[in-house]
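Just so you know, ligand 1 is whichever comes first in the structure, and atom 1 is the first atom listed for that ligand.
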Amino acid sequence: MNPTELLNYGKGQLGERNLNDARILIEHCLKLKPSEFYFSKKSIKTREKNSYQKLLDKRKNGLPTAYITEETEFMGLKFFVNKNVLIPRQETEILIEEVLKLLPTSHFPLPTILDIGTGSGNIAISLAKYISDAKIIATDISKEALGVAKKNAKLNDVSDKITFLQSNLFNLLPSTFYLLPSFDLIISNPPYIKNSEIKKLQKEIQHEPKIALDGGKDGLNFYKKIVLMSRKLLKKNGFLMFEIGYHHSQKIKKMMAAAKFRNIKIVNDYSQQERVIYGQNSN
Ligand code: GLN
């Protein structure tokens, strides 16, 4: 059996739909680079097939592939992930792309950015990577998540540009930040699933941390708090940007307008779902 035949074997178990996962698990198991996969004539040993089978079994039980391989990609960068953090989603890349349009370095020298609920650090680290002189503070309530985020900052060589803080939203942010509104951008992909809906989600998502998903009764708990506090922390014309869930845009737009944010825009993702909302602080 060669890797291509092994892929067929994996596909037989995971189904055509999960072909990509079947391939990633082989690459992980045989330590092959994606570029080597299709050309490899390597003959698979029984021991290797058995260890592949163990990974297939985990996947069949609903464990997401990224937790099995402890790795995923976001904005073309590699991230370590484990069960303490949400697996970065491709849709979240839209936030990064919007920020890159909004903060041209010429208008915002040394932009200061606050990322709330950083999880694996994917947002903060991508911004640190793609905005050369950005200064970033990234918070999370979970010490374990911050451990993962710090590891990822190191992996991507941006540790010197990000300060990680364990904080429940803003509660441990040093008071100096309030005395002089400090941020050009506050960004967050907060938990936004209604808690009554979490149980109904597919079994893969059930493996992800509940605190990274649960947005309270209406899914909007974190938006309410972040909108109100952000006004005191953003510079005049500073941006507040969120990832948003299905059907939430109008409610969040209202909250932002009531808090006197202006130029509020909603951006769709590639599947034409409303995914991002942002506005500017009028203070
Ligand atoms: N900021 C991380 C992400 O976008 C984590 C978000 C979260 O835990 N809700 O994936």
**Request:** Could you verify whether a donor N or O on one side chain and an acceptor N or O on the other, from Arg47 and Asn50, lie under 3.5 Å apart?
**Result:** no
**Asked** Is there a donor-acceptor contact under 3.5 Å linking the side chains of Asp269 and Gln273?
**Response** no
**Message:** Between Leu220 and Met255, does the side-chain contact (heavy atoms from CB on, under 4.5 Å) criterion hold? Intermediate values first, please.
**Reply:** CA-CA 10 Å; Leu220 297 172; Met255 272 179 218; 4.0 Å; yes
**Item:** With sequence neighbours excluded, residues passing ring pair (Phe, Tyr, Trp, His ring centres under 6.0 Å) with Tyr67
**Value:** none
**Message:** Residue by residue, ordered by chain and number, which ones reach under 4.0 Å of ligand 1 with a heavy atom?
**Reply:** Leu86, Thr92, Gly117, Thr118, Gly119, Asn122, Ile123, Asn189, Pro190, Pro191, Ala212
**Prompt:** Salt bridge or not for Lys200 and Glu197, using N-O below 4.0 Å?
**Reply:** no
**Message:** Is the ring pair Tyr223/Phe242 parallel, tilted or perpendicular, if the boundaries are 30 and 60 degrees?
**Reply:** perpendicular
